[in-house]
Amino acid sequence: MDINAQNTSSDFIRDAVADDLRSGRFNYIRTRLPPEPNGYLHIGHVKAFLIDYFIAAENNGDLILRFDDTNPAKEEVEFVDAIQQDAKWLGINWLKITYASDYFGLLYEWAIKLVKMGKAYVDDQTPEEVSKNRGTLTEPGINSPYRERSVEENLDLLARMKSGEFPDGTRILRAKIDMSDPNMVMRDPAMYRIIHEPAHHRTGREWCIYPMYDWSHGQNDSMEGITHSLCSMEYEIHRPLYEWFLDQLGEFKPRQIEFSRLNLSYAMMSKRKLRKLVESNLVDGWDDPRLTTLRAMRRRGYTAEAIVDFIKKIGVAKNTSWIDYALLESCVRDDLNKRSLRRMAIIEPLKMIIDNYPDDLVEELAAINNPEDPDAGTRTVNFSKVIYIEQDDFRETPPPKYYRLFPGNEVRLRYAYFVRCESVVKDADGNIVEIHCTYDPTTKGGDSADGRKVKSTIHWVSAAHSLPAEVREYERLFTIENPDDNEELSSIINPTSLVVKPSSRVEASLGNTTPGDKFQFERIGYFCTDLTSTKEKLVFNRTVTLKDSWAKIEKKQG
RNA sequence: UGGGGCGUGGUGCAAUGGCAGCACAUCAGCCUUUGGAGCUGAGUAUCUAGGUUCGAAUCCUGGCGCCCCAGCCA
């Protein structure tokens, strides 16, 4: 796919980048995607990824995918692979893949340089002491008793930290800046900490010290010649430190620009909570279609194009903002409307017998595959005496403004005939078992010879020619708009977030579908073939419903 | 109560001293062999108080509100 469309409007980042090119601050553009391989990509990452990708692409620059693997305690190769897959699926291309760990050696040399300059020191305080002496938001911190160690001693200690001589937590290397800086980030931030276990997924046991984000990220950006290091607002207060390190070292200094992260209503973005959801089996794995991880959305039937369109539409700014989930759904509908084949499927079947239709006749009727796309052509569907319609398309006593089928009313069976409901058959408990209709043979194809109109067209499948299927109806996973704020996960799960319809019937053409295929089930919504679907057992996921104005009317009626 | 950031319809984003606009959502209508899609229209906004200016969402000053920061996480 091509997601390089140039019609993206301007914003403060694009303006800044353009200024930098114009002023000569940089004469090329290079950005980076800096995921930490400790989880699957979700919709929140996509915004950041796409901004980086577009800024590079729009300026004929390039993009480096750099895994931020500075903490072996949290990171796994599994995610390194998954992140690449997901990013590729989105349509993102990169110049190369690198790892923060590729630069451990050079970064260590830079640290030694700082130590020699008297700008960094080894601190023997316990983590508790470090924390206590950092001060508070309103009170300055106090200097570590180890702050004025000699360069020689610092060099010696740092080398021994690196070689694994000291246990975890006993010492750190800190930048020597200012313990009274009103910005807490600048109060002698940690650069290296000691971590012996587990082995790093790439460097094994070569290192016993690992760089902190602040010490690694900006230096890596510099080493890779990144021009613009785009990140979320919470890093704004880290920018002075980002620049301090590079100024001290006299190295190439990229420009860090911050923007606000994506907040999406009803979506869980916190990696920790996402993990908790999965591990407590509240959802069915990382690709449960109710999740907003990329693999889940893909399984649900969301297209990369729709997701990219969504990100373009939300814009880029510095405000804390909440995006309505309805916007995402609108983008999904918009894309799927243009591309998906129409099919007829009955989620909750109600048997209809057409009394005056010949018992053994089967007619082949032409049905349009996609009214939005004439090239998609037509298919044939079989029509016969016994068919299924949607239970919801029949009411024994119709509410106001209901103009589907009810006793005495005439409707059109899509692509087939006008039918009129004559009678209702119920079981001993009063449940409707089947309905009987008569059809008008002169309305074949759906148009009446006498010009009479029907108010409604409903879909159907032939009982004998349709296939059984399971349909999974998904709704939002949570009952509250901001699930990230709530710790009691089980209490905020929407009980109807997944409703399985085991007895659905779909038209015969759906018999040879394969996982990932996308369809519009006419009048219902967009569906895709689930990855567990087989010829023997068809399974469809509801991606999103069609806009349903009757549902609105009905809801208003109470 | 230190520092940093941000305040434009319900939501998000524009307008860079000159008619406050776009999208989603909402409501109404048209059209329709999907109560889909499409089309038309409507309502609702510049946090606040001053100031500068012919003219302020935009510049200045004060207030108010919201977000971020006290990991050896990123």
Side-chain angles (χ1 to χ4, degrees), chain A residues 9-12 15 34-36 38 68 70-71 73-74 123 125-127 130-132 134-141 168-174 180-187 189-195 209-210 212-214 216-217 231-240 258 260 263 265 271 310 313-331 333-334 337-338 342 344 367-368 371-372 401-404 412-416 418 443 445-447 453-459 520-525 545-554:
Chain A
S9 60
S10 193
D11 54 63
F12 76 99
D15 291 346
E36 185 187 16
N38 69 346
D68 218 339
T70 57
N71 189 347
K74 298 173 70 173
D123 193 349
Q125 293 183 105
T126 64
V130 169
S131 171
K132 184 166 145 271
R134 182 157 22 232
T136 68
L137 296 178
T138 51
E139 300 161 298
D168 288 12
T170 52
R171 274 172 245 260
I172 50 173
L173 183 74
R174 301 179 77 174
S180 63
D181 196 302
N183 180 352
M184 305 279 299
V185 172
M186 300 297 276
R187 319 244 260 226
M191 294 167 63
Y192 279 111
R193 74 294 211 182
I194 302 171
I195 300 176
I209 55 173
Y210 290 91
M212 299 288 292
Y213 167 86
D214 282 317
S216 172
H217 199 95
C231 57
S232 49
M233 292 301 295
E234 66 259 38
Y235 292 100
E236 191 152 34
I237 54 168
H238 293 251
R239 181 156 28 98
E258 311 83 15
S260 66
N263 293 305
S265 64
K271 273 186 191 168
F310 168 72
K313 281 182 172 152
I314 62 177
V316 183
K318 300 177 83 157
N319 301 339
T320 305
S321 62
W322 279 90
I323 310 293
D324 190 344
Y325 200 90
L327 180 61
L328 212 205
E329 292 187 320
S330 159
C331 294
R333 284 193 190 100
D334 193 46
N337 175 49
K338 288 179 214 142
R342 313 292 131 127
M344 292 200 282
I368 295 166
E372 304 292 317
K401 291 192 178 168
Y402 184 90
Y403 45 81
R404 275 115 95 150
R412 172 165 40 230
L413 294 175
R414 182 141 230 231
Y415 302 124
F418 284 12
T443 58
D447 287 308
K453 301 280 185 204
V454 287
K455 278 217 97 172
S456 184
T457 300
I458 66 175
H459 62 283
Q520 184 198 104
F521 288 174
E522 292 216 39
R523 301 205 308 129
I524 303 175
T545 61
L546 247 24
K547 276 197 270 182
D548 187 349
S549 50
W550 165 245
K552 267 184 195 168
I553 295 168
E554 198 179 26

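Values reported hereafter were calculated over all heavy atoms of this structure, with side chains retained and with hydrogens, waters and symmetry mates removed. In what follows, every chain begins at residue 1, and chains take the letters A, B, ... in the order their sequences are listed. If you're wondering where the values come from, they're calculated on a predicted model, not measured in any experiment.
- The glycosidic torsion of rG55(B) lies more than 90° away from 0, placing the base in the anti range.
- At the heavy-atom level, E139(A) lies nowhere under 4.0 Å from the strands shown.
- The separation of rA56(B) from rA15(B), taken at their C1' atoms, amounts to 13 Å, rounded to a whole angstrom.
- As judged by a 4.0 angstrom heavy-atom cut-off over every strand, D181(A) is placed among residues making no nucleic acid contact.
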Interface polar pairs with nucleotides 69-74 of chain B, N/O, under 3.5 angstrom:
residue, atom, partner, partner atom, Å
rC72(B), OP1, R134(A), NH2, 3.0
rC72(B), OP2, R134(A), NH1, 3.2
rC72(B), OP2, R134(A), NH2, 3.4
rC72(B), N3, G169(A), O, 3.4
rC72(B), N4, Q125(A), O, 3.0
rC72(B), N4, P127(A), N, 3.3
rC72(B), N4, G169(A), O, 3.0
rC73(B), OP2, R193(A), NE, 3.1
rC73(B), OP2, R193(A), NH2, 3.0
rC73(B), O3', R193(A), NH2, 3.2
rC73(B), O2', K74(A), NZ, 2.9
rA74(B), OP1, T70(A), OG1, 2.7
rA74(B), OP1, R193(A), NH1, 3.3
rA74(B), OP1, R193(A), NH2, 2.9
rA74(B), OP2, Y213(A), N, 2.9
rA74(B), O3', D68(A), OD2, 3.0
rA74(B), N6, H238(A), NE2, 3.4
rA74(B), N3, Y235(A), OH, 2.6

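- For the OP1/OP2 pair of rU26(B) and a distance below 4.0 Å, the side-chain nitrogens and oxygens of K552(A) include at least one atom meeting the criterion.
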Let's go through R523(A) and R414(A) carefully: what are the C-alpha distance in whole Å and the side-chain angles of both, what is the deciding distance for side chain to side chain contact (heavy atoms under 4.5 Å, CB included) to 0.1 Å, and is it a yes or a no? CA-CA 11 Å; R523(A) 301 205 308 129; R414(A) 182 141 230 231; over 6 Å; no
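- Each of A326(A) and I553(A) was assigned the nucleotide of RNA chain B with the nearest heavy atom; the assignment lying further toward the 5' end belongs to A326(A).
- R239(A) contributes no side-chain N or O that forms a donor-acceptor pair with the base of rG4(B) under 3.5 Å.
- Residue contacts for E236(A): at a heavy-atom cut-off of 4.0 Å it reaches the sugar-phosphate backbone alone, with no base atom in range.
- P140(A) comes within 4.0 angstrom of nothing in the nucleic acid, heavy atoms only.
- Contacts of Y402(A) with the nucleic acid, taken as non-hydrogen atoms under 4.0 Å apart, include base atoms.
- Taken together, the paired segments of RNA chain B that extend over three or more consecutive Watson-Crick or G-U pairs, each closer than 3.5 Å at both contacts, are B:2-7 with B:64-69, B:10-13 with B:21-24, B:26-30 with B:38-42, B:47-51 with B:59-63.
- One finds a salt bridge joining D334(A) and K338(A) here, because a Lys/Arg side-chain nitrogen approaches an Asp/Glu carboxylate oxygen to under 4.0 Å.
- Close to rG36(B), at under 4.0 Å from its OP1 or OP2, lies a side-chain N or O of S549(A).
- Contact annotation for R174(A): no contact, since no heavy-atom pair falls under 4.0 Å across all strands.
- Among the protein residues, V316(A) comes within range of the sugar-phosphate backbone only, with heavy atoms under 4.0 Å from sugar or phosphate atoms but none that close to a base.
- Closest-nucleotide positions on RNA chain B for P371(A) and S321(A) were compared, and the one nearer the 5' end corresponds to S321(A).
- Across rU48(B) and rA28(B), the matching P atoms stand 31 Å from one another, rounded to whole Å.
- Stacking of W322(A) onto the six-membered ring of rG12(B) is not present when judged by under 5.5 angstrom between centres and under 30° between planes.
- Across all strands shown, K401(A) has heavy atoms under 4.0 Å from base atoms, whether or not it also approaches the sugar-phosphate.
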